[in-house]
Amino acid sequence: MINNTLGIGIQGIQDGMRGMENAARQIARGGADGPRGTAEGAGGLVEPIIDLKLYERSVEASAQVVKTADETLGTLLDIEA
C-alpha cells in the first residue's frame with residue numbers, strides 16, 4: 001500500500017514537471033498562437049501562465065503525498081522495531 005502511494009506521488013511529480021516544462025516553453029515562445037506585441041499574442045500568454053501555476057500546485061501536492069507516505073513508512077518501521 002505504501003509503495004503504491006509513493007509511486008502515485010512520484011508519478012504526479014513527474015507529470016507536473018512535464019506540464020510545467022510545456023507551459024514554460026509556451027511562455028518563452030510568447031504565447032500559443034498570436035504574434036508578440038499584439039493583443040492576441042498577449043492573450044496567448046494567459047493560459048500557459050495559469051497552467052504553469054496549476055502544475056506547480058500539482059507538484060507541491062504530489063510532493064506532500066510522497067512526504068506523508070515516507071513518514072507513515074517510518075512510523076510503521078518504528079512500531080515494528
Looking only at non-hydrogen atoms, find the nearest pair between [X] and [Y] and report the distance.
| X | Y | value |
| --- | --- | --- |
| S62 | G9 | CB-O, 3.4 Å |
| G12 | S58 | O-OG, 4.4 Å |
| M20 | L52 | O-CD1, 3.6 Å |
| A69 | L6 | CB-CD2, 3.7 Å |
| A23 | D51 | CB-CB, 4.2 Å |

Sidechain N-carboxylate O distance under 4.0 Å for E56, K53: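 Yes, this pair counts.
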
Carboxylate-amine/guanidinium contact D70 K67, below 4.0 Å: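 The answer is no: the pair does not qualify as a salt bridge.
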
Separation of Y55 OH from R18 CZ (nearest 0.5 Å):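 OH of Y55 is found 10.0 Å from CZ of R18.
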
Is there a path of hydrophobic side-chain contacts, each under 4.5 Å between heavy atoms of I/L/V/M/F/W/Y residues, joining [Y] to [X]?
| X | Y | answer |
| --- | --- | --- |
| I13 | L73 | yes |
| I8 | L76 | no |
| M17 | V65 | no |
| M1 | I10 | no |

Pair N22-Q26, side-chain donor/acceptor within less than 3.5 Å: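 Result is no, nothing qualifies.
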
Does CZ belonging to R57 count more than 12 external heavy atoms closer than 6.0 Å?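 Counting other residues, nucleotides and ligands, CZ of R57 stays at 12 neighbours or fewer.
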
